Amino acid sequence: MITLINLFPQHLNLNGDAANVSVLQKRLEWAGVEVQVVNVTSADELLAAQKNIEANPTRSFICAGHGSRAAMRDLEKHAQGLRAILSVARDTGVAGIVVGSSSTWIAATEPTRGARISEFTTVNLDLEDWPSKALGYLNSDIAIAPLEVQNNLIVTLLNGPFFAKNPEWANRICALLGAPVTESAKSKRVDSYVEQIWNLEGDSGK
Amino acid sequence: MLRYLPALILGRLVRVLVRIFRKGGGSALPGLILSKIAPGILNRTLSSFRDGLIIVTGSAGKSTTTKMLVAIARAHGKTVFTNPSTANILQGFYSTIIEKSDMLGRISADVAILEMDEGHAELLTRTVSPRQVTVMNVMEDQIDRFVDPELVRETLTKVAARAKSHVVLNADDQNTILMASSVSVETTWFGVSEQLRTEEKNGLATAPTFLPAQPRPTPRIQAESRQGPRVTASDQVFGTIEFELPNRGVHFILDAVAALESARSYLQDDFDTAVAVEVLSSLPPVFARGEVSTVNGEPVEFVLVQNPGSMQLNLDNLDGQPEQVMFAIGRDVHDPSWMWTVDYSNLKHVDMVSGFNAYEAALVLEYNEVEVVAVQDDLDKAIEAFFAMPKPVTGIKTVIFSADAMRRLRRSMGFWSPEEVER
């Protein structure tokens, strides 16, 4: 069974990033794929989640969203475990997404801060096997690329439901999880909304 | 005094022109113009009231609390200068001066009681010291603008610390409890009982501080229970107080006890509980805060949602499963990501999704298994289609909308502009 791991969703969901897990869950379920969601909320669960992804790297997905300043301070006590699980995920090719402030747990050095950008952003990429564009809301002062892929781990500043607005990226993740998603009536319906959002907020719509 | 005359004449002229060419629609333009050509008029006006300036601020509940507080003060014989419920930023204050002052910029009132947006309250209180500040709460709100709830708390702490005589705070928000240590004047508290708090499926939606819980201060007034519209509160001075509210939801009860405590703090020995209770029990809701209006001869409930907290509290307090629902999210929602933090399990279907962010809203609803019947991003067409539906068999039509969609809808339907909604 595919396991979708949500790291500290009570802390790391200031902008709805935890919805990345529920979006993947729905898309997989609509396609008839069995899936389980594991919400990690303690040190023990963090350790168990790490063991899970080490045992099932191709059937696991991990999500670490952006947290408020207070949430990030509170999670300092788990920082070592969070760095460990995200490093293992990246180094073993586990699919996942790391958003905003969580990117500090996977950065080699403390990221520098720049001017805050707060706007819808379209990112163009040239990566083998990955979609060439992504759309999302960027609200950050962290001076890193707004979107990059480290092995199979997406590291992004585009907050909120990245996979909802970028279904090609969701499908790529599903394929990595061994569940290439076939279109369903429901997925066609939501993806038709995405087309309209891209027309409105993407480069061509501005 | 005459130095503001030309600016006020120009402001009023622009206001008249806007009304002619944008029938039924409000505009920030007159206030914007006045703020550019006569910025000093705001400080001068707000500093001119005998009883000073009272500010009601925080993430949610400002409009309802201010409306209640103003009505209670007036019932005690005070003349009050206040702002319409949509004009809670600086430009709005200037617009209100254009509307309420004489040609010399003078306003005849005992006190100014203003609802203020968090950011604008901090800006204004740098130069005008309020007599009294009421802080409702801190929620995760407009992260694209405010960045982080902790920054909002810091901003509101500055506002509270600038009060000259009294601060009124929410005992049921850890954020407002943290503010108290920065306040040097008398602080009193309002709150709701644990019983009422636990009746809310998702709590009171305040922003978590992720700090060790501070002890809850003892509220001077606390709402204890409710039976239908009837609320029972206990007061340290006046004992048991009972009143009725037109709105559903514990958040409105919290607004009412905030208003009572704010009124008592202002009026002091002149405060008459019987008068205050009578006012609360007879006051209609602020528009779109549980307001029911008549459209095409049928009653329609309008529900304003402005952030995850207000969306959650209002969805949790829907009147059962509304048979006909319109959901409109406008341009004011710059980053619709917050809509993904809300629990939509109380909403089973939406007949019409509309507004600038119609497709964003439809996307989040569909992923949350809320049936979406139709999406129409043209709000006028959506309104026409929704209100053309036959009357529901049970209940009444329900419109859930953001502030921008609300303004457009009211204008489109020929309602008077929100800027004209008086307290």
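Heavy atoms only: backbone and side chains are in, while hydrogens, waters and symmetry mates are out. Here is how names work: the chains are called A, B, and so on, in the same order as the sequence lines, proteins then strands, and each is numbered from 1. This is a predicted model, so every value here is computed, not measured.
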Distance, nearest 0.5 Å, that separates [atom1] of [X] from [atom2] of [Y]:
X        : Y        : atom1 : atom2 : value
B:Asp335 : A:Leu138 : CG    : CG    : 10.0 Å
A:Asp17  : B:Thr341 : CG    : OG1   : 10.5 Å
A:Asp74  : B:Thr209 : CG    : OG1   : 9.0 Å

| field | Proximity breakdown for B:Val372 and chain A, heavy-atom pairs closer than 4.5 Å | value |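 Both parts, heavy atoms under 4.5 Å.
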Please list, in residue-number order, every residue in [range] that has a heavy atom less than 4.5 Å from any heavy atom of chain B; write 'none' if there are none.
range                     : answer
residues 62-69 of chain A : A:Ser68, A:Arg69
residues 35-52 of chain A : none
residues 3-15 of chain A  : A:Gln10, A:His11, A:Asn13, A:Leu14, A:Asn15

Could you have a look at [options] and say which one has the most heavy-atom pairs with chain B under 4.5 angstrom?
options                      : answer
A:Gly136, A:Ala164, A:Ser118 : A:Ala164
A:Ser22, A:Ala70, A:Gly160   : A:Ala70
A:Ser140, A:Ala19, A:Ala18   : A:Ala19

Does a sphere of radius 6.0 Å around [atom1] in [X] hold more than 12 heavy atoms from other residues, nucleotides or ligands, not counting ones at 6.0 Å or beyond?
X        : atom1 : result
A:Gln150 : CD    : yes
B:Arg331 : CZ    : no
B:Lys201 : NZ    : yes

| Do any of residues 357-369 of chain B come closer than 4.5 Å to chain A, heavy atom to heavy atom, and if so which ones, in number order? |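 Residues B:Asn357, B:Tyr359, B:Glu360, B:Ala362, B:Leu363, B:Glu366, B:Tyr367, B:Glu369 are the ones that qualify, each having a heavy atom under 4.5 Å from chain A.
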| message | Closer than 3.5 angstrom, by distance alone: can the side chain of A:Asn139 be matched with the main-chain N or O of B:Ile143 as a donor-acceptor pair? | response |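 Yes, because the side chain of A:Asn139 sits within donor-acceptor range (under 3.5 Å) of the backbone of B:Ile143.
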| message | When you measure from the side chain of B:Ser337 to the backbone of A:Gly16, do you find a donor-acceptor pair of N or O atoms at a distance under 3.5 Å? | response |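 No, because the side chain of B:Ser337 does not come within donor-acceptor range (under 3.5 Å) of the backbone of A:Gly16.
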| query | Do A:Tyr137 and B:His334 come within less than 4.5 Å of each other through their side chains, counting heavy atoms only? | reply | yes
